Trainee: 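Okay, handing you the structure first.
Indexing begins at 1, ligand by ligand and atom by atom, following the structure's order. Each residue takes its place number in the sequence, starting with 1. Because the structure is predicted, anything quoted here is derived from the model rather than measured.
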Amino acid sequence: MASQFKIVLLGEGCVGKTSIVLRYCQQTFNENHVSTLQASFLKKKINLNQQRVELAIWDTAGQEKFHALGPIYYRNSHGAVLVYDITDQDSFQKVKNWVRELKKMLGSNIALTICGNKSDLERQRTVDQAEAEAYAASVGAKHFQTSARLNRGIDEMFLDLAKRLVQQGAKAPKAQSRVSVLVEDDDVQPDSKGGCC
Ligand SMILES: Nc1nc2c(ncn2[C@@H]2O[C@H](COP(=O)(O)OP(=O)(O)OP(=O)(O)O)[C@@H](O)[C@H]2O)c(=O)[nH]1
C-alpha cells in the first residue's frame, strides 16, 4: 500500500499556490488569477525507490481575510510549502509569519519548504535569494525556487519534501492546543492593492 502524506501550501494571495499545484498535478498553467476561496486538494502519486507515495496537496486561499482558516488545513499536515513571489517583498514577510505560526502551533513536527515562485521574473526580483536561503536554513526549512509558468523546480521541490517525509516516517502532527477559527466578516473589502496581482 502507498504511504500517504498531506502537504499544505500557504502564502499570500497571488503568489502562485494554485498554479504550482495545477502544474504539478495536472501539467497545466493559467495566465489569469482566480482567487482561491475555499481550499481544495489534488492527489499526486510518485515512486520513491520502488516505494509508492501518495501526496494529498492542499491549496489554500491566500487573501488575508481567509487567514483564520489556515489551522483547519495545516494542523494534520505532514509537510508545508510556504510560497512567496520573488518580485514581492511583502509576500516574503508573510512567509515568516506563517513559519512563526506553524512553529507555535505544531512545534517542529511539520517538514517545511520555503518556495520562491515566479523565478521567470528574475529581472523584477525584490527578494534577495541569498537572504531567503539563509532565512530558510535558520528555521530548518529547505528553500526552492520555482516557476509554475515555465515548469521549473516544482517536481524537484515536491520530490525533496516527499523524500524527507518518508525518511522521517512522518506522522501527522497534533496541534498543541485546540484550534478555534473565527471568520469575522465575509464581506471584507479588497486590500489596498485592489485585490491582487
Ligand atoms: N510569471 C509568472 N506568473 C505566475 C507564476 N505562477 C503563477 N503566476 C501567475 O500569478 C497569478 C496568481 O497565481 P495563482 O496561482 O492564482 O495564485 P494563488 O497564490 O493561488 O492566489 P490566491 O488563490 O489568491 O491565494 C496568476 O495570474 C498566475 O498566472 C509564475 O511562476 N510566473
Trainee: Which of the atoms of ligand 1 are close to K17, meaning less than 4.0 Å from one of its heavy atoms?
Mentor: 15 (O), 17 (O), 18 (P), 19 (O), 20 (O), 21 (O), 22 (P), 25 (O)
Trainee: Working note: R23 + T146, criterion side chain to side chain donor-acceptor pair (under 3.5 Å); need CA distance, chi angles, decisive distance, verdict.
Mentor: CA-CA 11 Å; R23 175 62 88 185; T146 59; over 6 Å; no
Trainee: Taking 4.0 angstrom as the limit and counting only heavy atoms of S19, give me the atoms of ligand 1 inside it, by number and element.
Mentor: 6 (N), 7 (C), 13 (O), 14 (P), 15 (O), 28 (C)
Trainee: Answer yes if L48 and F144 sit in the same cluster of Ile, Leu, Val, Met, Phe, Trp and Tyr residues linked by side chain heavy atoms under 4.5 Å apart, and no otherwise.
Mentor: yes
Trainee: Could you tell me whether S119 and ligand 1 have an N or O pair separated by under 3.5 Å?
Mentor: no
Trainee: Heavy-atom contacts with N32 under 4.0 Å: which atoms of ligand 1 show up? List them by number with element.
Mentor: 26 (C), 27 (O)
Trainee: Number the atoms of ligand 1 from 1 as they appear, then name those within less than 4.0 Å of a heavy atom of G13, with their elements.
Mentor: 21 (O), 22 (P), 24 (O), 25 (O)
Trainee: Which is closest to atom 21 (O) of ligand 1 by heavy-atom distance: S147, C14, A61?
Mentor: C14
Trainee: Could you walk me through whether T126 and T87 satisfy the side chain to side chain donor-acceptor pair (under 3.5 Å) test, starting with their C-alpha distance in whole Å, then the side-chain angles of each, then the deciding distance to 0.1 Å, before giving a yes or no?
Mentor: CA-CA 5 Å; T126 58; T87 72; 5.8 Å; no
Trainee: Looking only at distance, does T36 have an N or O less than 3.5 Å from an N or O of ligand 1?
Mentor: yes
Trainee: Which of the numbered atoms in ligand 1 are below 4.0 angstrom from a heavy atom of L121?
Mentor: 1 (N)
Trainee: At the 4.0 Å heavy-atom cut-off, does R23 count as touching ligand 1?
Mentor: no
Trainee: Can you find an N or O of D59 that's nearer than 3.5 Å to an N or O of ligand 1?
Mentor: no
Trainee: Show the numbers, then the answer: is there a side chain to side chain donor-acceptor pair (under 3.5 Å) between S40 and D59?
Mentor: CA-CA 6 Å; S40 60; D59 174 26; 4.8 Å; no
Trainee: Does any N or O of ligand 1 fall below 3.5 Å from an N or O anywhere on G16, backbone included?
Mentor: yes
Trainee: How about K43 and I57: do any of their side-chain heavy atoms sit closer than 4.5 Å?
Mentor: no
Trainee: Tell me whether G62 has any N or O atom under 3.5 angstrom from an N or O of ligand 1.
Mentor: yes
Trainee: Assess whether a salt bridge exists between K44 and E54, defined as any Lys/Arg side-chain N lying under 4.0 Å from an Asp/Glu carboxylate O.
Mentor: no
Trainee: Quick test of your reading of the structure: of E12, H33, Q63, whose heavy atom lies closest to atom 22 (P) of ligand 1?
Mentor: H33
Trainee: Determine, considering heavy atoms only, which of V83, L9, T60, D120 sits nearest to atom 32 (N) of ligand 1.
Mentor: D120
Trainee: When only distance counts, is V15 in polar contact with ligand 1, meaning an N/O pair under 3.5 Å?
Mentor: yes
Trainee: Does V99 form a side chain to side chain contact (heavy atoms under 4.5 Å, CB included) with L82? I'd like the steps, not just the answer.
Mentor: CA-CA 8 Å; V99 168; L82 309 174; 3.3 Å; yes
Trainee: Is it the side chain (CB and beyond), the backbone, both or neither of T18 that lies under 4.0 Å from ligand 1, heavy atoms counted?
Mentor: both
Trainee: Before accepting this row, confirm whether a basic side-chain N of the pair D85/K118 lies closer than 4.0 Å to the acidic partner's carboxylate O.
Mentor: yes
Trainee: Using a 4.0 Å heavy-atom cut-off, say whether N30 meets ligand 1 through its side chain, its backbone, both or neither.
Mentor: backbone
Trainee: Hey, are E101 and K104 close enough for a salt bridge, meaning a charged N less than 4.0 Å from a carboxylate O?
Mentor: no
